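Note sheet for the following structure.
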Amino acid sequence: QKEVEQNSGPLSVPEGAIASLNCTYSDRGSQSFFWYRQYSGKSPELIMFIYSNGDKEDGRFTAQLNKASQYVSLLIRDSQPSDSATYLCAVRTRLVFGQGTRLTINP
Amino acid sequence: EPEVTQTPSHQVTQMGQEVILRCVPISNHLYFYWYRQILGQKVEFLVSFYNNEISEKSEIFDDQFSVERPDGSNFTLKIRSTKLEDSAMYFCASSDKGRGYTFGSGTRLTVV
């Protein structure tokens, strides 16, 4: 089983809609969870991190963590074309990345 | 905003040659990492470094790889005898443990 799994997409969402990105992880002892955004040819850029079960909101972004189900998600509200990128889910201890979900926002 | 600096941005080398990729982590960070990303593939962990020693390494990080913190600011990745399959983007990252990692802009290594 892969340590961190994401649907690679592409996920296509109309502008203004909610984009929902999902991630599962295998190590039940994982403590910290991160969402990174990567534009093509660029380095990963941290969007949010979450440690506790539940929701964490930051602007248009909401991270959701369910440790019992080993599941972490990212919601992007009011999606903009500039949100089109690959979104990487990552889990500590060492930062292990999923393969990323390519998101396209259609104007 | 503090950033992680990597040089060079692009390096072309012949197969079998040694390369050194350089990184300047954020000054108050204590944990340093190298990751690589082969074109079209996921970002892969190579090695983590703390307190002047390797704290963890992946199966990718074999004997041809080494890391060093030669002074108080630089963090280097050396690849001793490059192979074609070493061609990738190499990202350095640093963290202060409590938060997410900050990545540098990467070095694109092309082995010919």
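In this text, all values refer to a predicted model and were calculated from it rather than measured experimentally. Chain letters run A, B, ... following the sequence lines, proteins first, then strands; residues in each count from 1. The figures here come from the full heavy-atom set of this structure, side chains too, leaving out hydrogens, waters and symmetry mates.
- Hydrophobic clustering (ILVMFWY, side-chain heavy atoms < 4.5 Å, transitive): B:W34 and B:L109 are in one cluster.
- The contact between A:Q38 and chain B is made entirely by side chain atoms (from C-beta outward), counting heavy-atom distances below 4.5 Å.
- Following chains of ILVMFWY side-chain contacts shorter than 4.5 Å, one cannot reach B:Y50 starting from B:F61, and the two form parts of different hydrophobic clusters.
- Contact count versus chain A (heavy atoms, under 4.5 Å) is highest, among B:S55, B:S105, B:G106, B:A93, for B:S105.
- Residue B:Q6: no heavy atom, backbone or side chain, is found under 4.5 Å from chain A.
- When the shell of 6.0 Å around CD of B:E85 is examined, it contains more than 12 heavy atoms from other residues, nucleotides or ligands.
- Closest approach of A:Q99 and B:K42 over heavy atoms only: CA-CB, 3.7 Å.
- In this structure, the portion of B:F91 lying under 4.5 Å from any heavy atom of chain A is its side chain and not its backbone.
- Hydrophobic clustering (ILVMFWY, side-chain heavy atoms < 4.5 Å, transitive): B:L46 and A:V4 are in distinct clusters.
- Of the residues listed (B:F45, B:Y101, B:Y35), the one engaging A:F97 in a ring pair (Phe, Tyr, Trp, His ring centres under 6.0 Å) is B:Y35, and it is the only one.
- Put simply, OG on B:S95 and CZ on A:F34 are 8.0 Å apart, with the number rounded to the nearest 0.5 Å.
- In terms of non-hydrogen atom pairs under 4.5 Å with chain B, the most contact-rich of A:P44, A:G98, A:G100 is A:P44.
- Sparse packing is recorded around CG of B:D63, with 12 or fewer heavy atoms of other residues, nucleotides or ligands lying under 6.0 Å away.
- A:L11 and A:M48 fall within a single hydrophobic cluster, where Ile, Leu, Val, Met, Phe, Trp and Tyr side chains are chained together by heavy-atom contacts under 4.5 Å.
- Considering every non-hydrogen atom in both A:S43 and B:G104, the closest pair reads CB-O, 2.9 Å.
- Under the 4.5 Å side-chain heavy-atom criterion for Ile, Leu, Val, Met, Phe, Trp and Tyr, A:F61 and A:Y71 are members of distinct hydrophobic clusters.
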